[in-house]
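To keep things clear, I will list the structure first and then write my remarks on it.
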Amino acid sequence: MKVSTEQPKIIVVGSSSIDLVLSTEHLPKPNETVLAEKSESFFGGKGANQAVGAARLGADVSFVGCVGMDPFGQQIMRNLVDEGVDVSYVTETEDAATGSAFVTSSAGVNSIVVVPASNYCLKSSHVAEAERLFSSSDLLLIQLEIPMETVEFSVELARKNNIKIGVYASPPKKLSESVIEASTFIVAKSSELSIVFGEDQREDILRKYANKLFVRDDSNSTTYYNGSEMKYYRNDHDSVLHKMGMGDAFTSGFAVALCHGNPVDDCVQFGNDVSLKVTKNCGSQSGLPYLKDFSGE
């Protein structure tokens, strides 16, 4: 990936949470009780993951989100500041607790329950207050752990300000035609395409959105259609044990590479490389790499 002299300016509108990860010998079946080998807590939330990911890759990142007025919210705010993320437009609400996620993990397979809580308190009015960021930024990153009304408002604001738009369509919800049309790129999981696009045929969907839709699988593979042929890029290794946050890592890597003016093929490769590095540590943010980590590659 080439790096330009200009520092990318990225706005992330999205979620943040505290993730409680339980490591077990196997995932519990219905009505089954299992013992956890250990429990750990990590910073998470798809929005915060992407904000930290982009910041570590050298971008100037501003985060627009919502946390509760509780200790978890304060921890998230401090962590973002420590990571160099601007939190001037993070709202603290008394109406809900800070978002959380409960993850049961066994042999690299995760079962996740997300409690959106304060993330669902992020309104269009909060994003409107951050409008000055949109007029001076290069790209908006957004995910679907916040209300769809807020997603659509943010995308429209970015479109009006003529900046690039990256959507990570997770957790899966149907995207409106206006969001799809305005997006510069969309990242989605292979198993969730029918929910996001309302269609079932993977290849047909990919061909419809050439160089816009990038389909991810658990093996750290990315499939896309470049307008003339189907492209497939995969890199993994035997020690891919921690799959939390791989999609967020890919998205932040792709976004930063795109802001530096790289062609799509290079953006995909860099996104995959970033995603692979995050698998070496438990927790969505723990293994996110820094730009310097790629200097010898």
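This chain uses plain numbering: 1 for the first residue, then up along the sequence.
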With a 4.5 Å heavy-atom cut-off, do [X] and [Y] have their side chains touching?
X	Y	value
Lys46	Pro171	yes
Arg216	Asn220	yes
Gln75	Phe43	yes
Val151	Gln143	no
Val256	Ile10	yes
Met77	Val81	no
Ile205	Tyr209	yes
Asn272	Phe250	yes

Working to the nearest 0.5 angstrom, can you tell me the gap between [X] [atom1] and [Y] [atom2]?
X	Y	atom1	atom2	value
Arg207	Leu213	CZ	CG	13.0 Å
Ile195	Lys173	CD1	NZ	11.5 Å
Glu181	Lys212	CD	NZ	7.0 Å
His126	Cys121	NE2	SG	8.0 Å
Ser100	Ile18	OG	CD1	9.0 Å
Ile76	Asn79	CD1	CG	8.5 Å

ILVMFWY cluster, [X] and [Y] together (side-chain gap under 4.5 Å):
X	Y	value
Val115	Ile112	no
Val64	Phe134	yes
Ile146	Val90	no
Phe197	Leu206	yes
Tyr89	Val85	no

- Task: Using only heavy-atom distances, determine whether the side chains of Thr223 and Arg202 contain a donor-acceptor pair under 3.5 Å.
- Result: yes

inquiry  = Is it the case that the side chains of Ser178 and Ser176 hold a donor-acceptor pair, with the cut-off being a distance below 3.5 Å and no angle test?
reply    = yes

Examine distances only and state if a side-chain atom of [X] and a backbone atom of [Y] form a donor-acceptor pair shorter than 3.5 Å.
X	Y	answer
Ser252	Gln50	no
Ser183	Val179	yes
Asn262	Ala257	yes
Asn161	Ile163	no
Arg159	Ala182	no
Ser17	Gly99	no

Identify the heavy atoms of [X] and [Y] that sit nearest to each other, and give their distance.
X	Y	value
Leu80	Ala48	CD2-CB, 4.3 Å
Val52	Gln285	CG2-OE1, 3.5 Å
Thr93	Ser118	CG2-CB, 3.9 Å
Ser105	Val21	CB-CG1, 4.2 Å
Ala51	Val12	CA-CG2, 3.8 Å
Val61	Ala54	CG2-CB, 3.7 Å

### Task
Applying side chain to side chain contact (heavy atoms under 4.5 Å, CB included), run through Val103 and Phe42 and close with a yes or a no.
CA-CA 11 Å; Val103 183; Phe42 300 95; over 6 Å; no

Would you call the rings of Phe214 and Phe185 parallel, tilted or perpendicular, where under 30° means parallel and over 60° means perpendicular?
-> perpendicular

ring-ring contact (aromatic ring centres under 6.0 Å, His included) filter on Tyr120, not counting sequence neighbours, yields none

Might you work through the side chain to side chain contact (heavy atoms under 4.5 Å, CB included) test for Gln269 and Met1, ending with a clear yes or no?
CA-CA 8 Å; Gln269 181 174 342; Met1 180 192 75; over 6 Å; no

Give a yes or no on whether a salt bridge exists between Lys277 and Asp293, defined as a side-chain N under 4.0 angstrom from a carboxylate O. no

Atom [atom1] of [X]: over 12 foreign heavy atoms under 6.0 Å:
X	atom1	value
Phe72	CZ	no
Lys160	NZ	no
Glu25	CD	no
Glu94	CD	no
Asp82	CG	yes

side-chain hydrogen bond (donor to acceptor under 3.5 Å, both in side chains) pairs touching residues 7-16, sequence neighbours excluded, are Ser15-Glu145

**Residue pair Leu175, Ile186: steps toward the side chain to side chain contact (heavy atoms under 4.5 Å, CB included) verdict** = CA-CA 10 Å; Leu175 294 180; Ile186 300 170; 4.2 Å; yes

Discussion item. Let's go through Asp138 and Lys164 carefully: what are the C-alpha distance in whole Å and the side-chain angles of both, what is the deciding distance for side chain to side chain contact (heavy atoms under 4.5 Å, CB included) to 0.1 Å, and is it a yes or a no?
Written reply: CA-CA 6 Å; Asp138 301 304; Lys164 297 180 179 68; 5.8 Å; no

The side chain to side chain contact (heavy atoms under 4.5 Å, CB included) partners of Ser106 (sequence neighbours excluded) come to Thr24, His26, Leu27

